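Reviewing the structure listed below.
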2 protein chains.
Amino acid sequence: MIKIDEIEESLKNKGYKLTKQRNSIIEVLIENIGKFLSVEDIYLKCKDKYPKTNLSTVYRNLEILEDINLVHKTNITGASASYEIVCSDCHHHHVICKTCGKTEVIDFCPIQEFTSKVAEDGFLVTDHKIELYGYCKNCTKKVIKE
Amino acid sequence: MIKIDEIEESLKNKGYKLTKQRNSIIEVLIENIGKFLSVEDIYLKCKDKYPKTNLSTVYRNLEILEDINLVHKTNITGASASYEIVCSDCHHHHVICKTCGKTEVIDFCPIQEFTSKVAEDGFLVTDHKIELYGYCKNCTKKVIKE
DNA sequence: ATGGCTGCAAACGTTTTGCACTTTT
DNA sequence: AAAAGTGCAAAACGTTTGCAGCCAT
C-alpha cells in the first residue's frame with residue numbers, strides 16, 4: 001500500500017514544502033489508485049477538500065510529482081492530460097475502451113523481456129508506458145447488437 | 001514495403017480525393033518510417049514539397065489518416081502530437097531517450113501474451129501503444145562522465 | 001457540375017507564466 | 001527571515017472550426 005507519510009517524507013527530503021494544497025492533491029491521487037484522473041478531475045476533487053485550491057497550483061504540483069516519479073502522466077484522450085500515482089508494489093497497465101472510455105487495470109507486464117532485448121544495444125530502460133485499446137465486454141455487446 | 005499507390009488507392013476507394021497536399025503528407029510520412037514526426041515537422045517537410053501547404057490542412061489530413069488506420073498518433077513529448085505511418089509488415093515499437101529525444105525501433109512485441117490475458121475478461125483488444133523510456137548508449141556515457 | 005478540399009483567420013481549450021502576496025520551514 | 005508556494009489574470013500554445021473560394025472527380 002501507498003502511505004501518504006512516506007510520500008510527504010520524500011517530498012520534504014527533496015526540499016519541497018508541505019502545503020495544504022499539495023497535500024490534498026496527493027490525497028486525491030491516493031484515493032484513486034488504478035484510475036487515470038484528468039487535471040480537471042483532480043482540481044475539482046481537491047476543491048472539495050480545500051476550496052481555495054487553484055488550477056495553476058494543481059498543474060504546478062503535478063509537474064513536480066511527475067519529475068520525481070511519484071506520478072505517471074498519460075494522454076489517453078488527447079484532450080487533457082491524465083495522471084495516476086505510482087505504486088511500486090502494484091505496478092500495472094491499463095486497457096482502455098474506445099467506446100465508453102472506461103479503463104481497467106491489467107497486472108501483467110512483459111517489460112523484462114523488452115528491456116533485456118534493448119539492453120543489448122546499450123540502451124538503459126528506466127520507464128515504460130503500455131496501453132491497450134479496444135472494446136470492453138459491455139461495448140462489444142452493443143456493437144454486435146447494432 | 002509500403003507502396004504509395006496502395007495507400008492512395010485505399011483513400012480513393014473511401015471517397016477521398018487525391019490532392020497535392022494530401023499526397024505530399026503521405027510522401028513525407030513514407031520517407032520517415034520508423035520515426036515519429038511532430039505535426040510541425042510534417043508541416044515543414046510538406047512545405048518543401050508543396051509550398052502552399054497549410055497547417056490546418058496537415059491537421060485535417062492526419063486526422064483522416066488516423067481514422068482509417070493508416071497512421072499512428074502518439075503524445076510522447078506532451079507538447080504536440082506525433083505521427084508515424086502504419087506498416088503492417090513491419091510492426092514495431094520505440095525506445096525513447098530521455099536526454100537527447102532520439103527514438104529507436106524495437107522489433108519485438110509481446111502483445112499476444114497481453115491480449116490473451118485480457119480476452120479472458122471479454123475485452124477485445126484492437127490496438128496498443130508501447131513505449132520504452134530511458135537513456136541511449138551515447139547519453140548513458142555522458143551521465144557517467146559527469 | 002458536384003462534392004470534397006483548401007487557405008485563411010478567428011476561436012477554442014489546455015497549459016504556462018509573471019507577479020505580488022502568503023505560507024512553510 | 002528566507003525560500004518556496006500560491007492565487008490571479010494574462011499570455012502562450014497546440015488544435016479546431018467556419019467560411020468563401022478552389023480543385024479533383
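Below, chains carry the letters A, B, ... as their sequence lines are ordered, and counting in each starts from 1. Note that the structure is predicted; figures quoted are calculated from it, not measured.
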Aromatic ring pairing B:Phe114/A:His93, orientation class (parallel under 30°, perpendicular over 60°, tilted between):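 Perpendicular, since the angle between the ring planes exceeds 60°.
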What is the distance, to the nearest angstrom, from the [atom1] atom on [X] to the [atom2] atom on [N]?
{"X": "A:Leu11", "N": "D:dA4", "atom1": "CG", "atom2": "P", "value": "14 Å"}
{"X": "B:Tyr16", "N": "C:dT6", "atom1": "OH", "atom2": "C1'", "value": "16 Å"}
{"X": "B:Lys14", "N": "D:dT25", "atom1": "NZ", "atom2": "C1'", "value": "18 Å"}
{"X": "B:Tyr43", "N": "D:dT15", "atom1": "OH", "atom2": "C1'", "value": "14 Å"}
{"X": "A:Ile25", "N": "D:dG5", "atom1": "CD1", "atom2": "P", "value": "12 Å"}
{"X": "A:Asp41", "N": "C:dT15", "atom1": "CG", "atom2": "C1'", "value": "16 Å"}

Could you pull out every donor-acceptor pair under 3.5 Å between side chains of residues 60-70 of chain A and any protein atom, sequence neighbours left out?
residue, atom, partner, partner atom, Å
A:Asn61, OD1, A:Arg22, NE, 2.5
A:Asn61, OD1, A:Arg22, NH2, 3.0
A:Asn61, ND2, A:Thr57, O, 3.0

Of the listed nucleotides D:dG5, C:dT15, D:dT15, the one nearest the side chain of B:Leu55: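 Minimum distance to the B:Leu55 side chain belongs to D:dT15.
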Out of D:dT6, D:dT25, C:dT14, whichever nucleotide has its closest atom nearest the side chain of B:Lys12: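 From the listed options, D:dT25 comes nearest.
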[Y] side chain reached by [X] side chain, heavy atoms, under 4.5 Å:
{"X": "A:Asp121", "Y": "B:Lys137", "result": "no"}
{"X": "A:Leu11", "Y": "A:Ile26", "result": "yes"}
{"X": "A:Asp41", "Y": "A:Asn32", "result": "no"}

Quiz item: A:Ser56 side-chain donor-acceptor pair to C:dT17 base, under 3.5 Å: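 Indeed, a donor on one side and an acceptor on the other fall under 3.5 Å apart.
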Partner set under salt bridge (charged side-chain N to carboxylate O under 4.0 Å, His left out) for A:Lys49, not counting sequence neighbours: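 With neighbours one apart ignored, the set is A:Glu27, A:Glu31.
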Partner residues of A:Glu84 under the salt bridge (charged side-chain N to carboxylate O under 4.0 Å, His left out) criterion, sequence neighbours left out: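 So A:Glu84 forms no salt bridge (charged side-chain N to carboxylate O under 4.0 Å, His left out) with any residue.
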Residue-phosphate contact under 4.0 Å: A:Gln21 side-chain N/O, D:dG7 OP1/OP2: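 Answer is yes, contact under 4.0 Å.
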D:dC8 phosphate, OP1 or OP2, under 4.0 Å from A:Asn54 side-chain N/O: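 Yes, because at least one side-chain N or O of A:Asn54 sits under 4.0 Å from OP1 or OP2 of D:dC8.
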Residue met sooner reading DNA chain C from 5', once B:Gly15 and A:Glu40 are mapped to nucleotides: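 Nearest-nucleotide comparison on DNA chain C picks B:Gly15.
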Any residue of residues 57-68 of chain B with a heavy atom less than 4.0 Å from an atom of DNA chain D: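 Within this stretch, B:Tyr59, B:Arg60 sit under 4.0 Å of the strand.
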Helix axis bend for the helix from C:dA1-D:dT25 to C:dT25-D:dA1 - C1'-based end axes, five pairs, 10° rounding: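 About 40° separates the two local helix axes.
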Test item: side-chain donor near acceptor, B:Glu131 and B:Thr74, under 3.5 Å: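 Present: a donor and an acceptor within the cut-off.
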Under 3.5 Å, N/O pairs linking protein and nucleotides 20-24 of chain D:
residue, atom, partner, partner atom, Å
D:dA24, OP1, B:Lys20, NZ, 3.4
D:dA24, N3, B:Lys17, NZ, 3.4

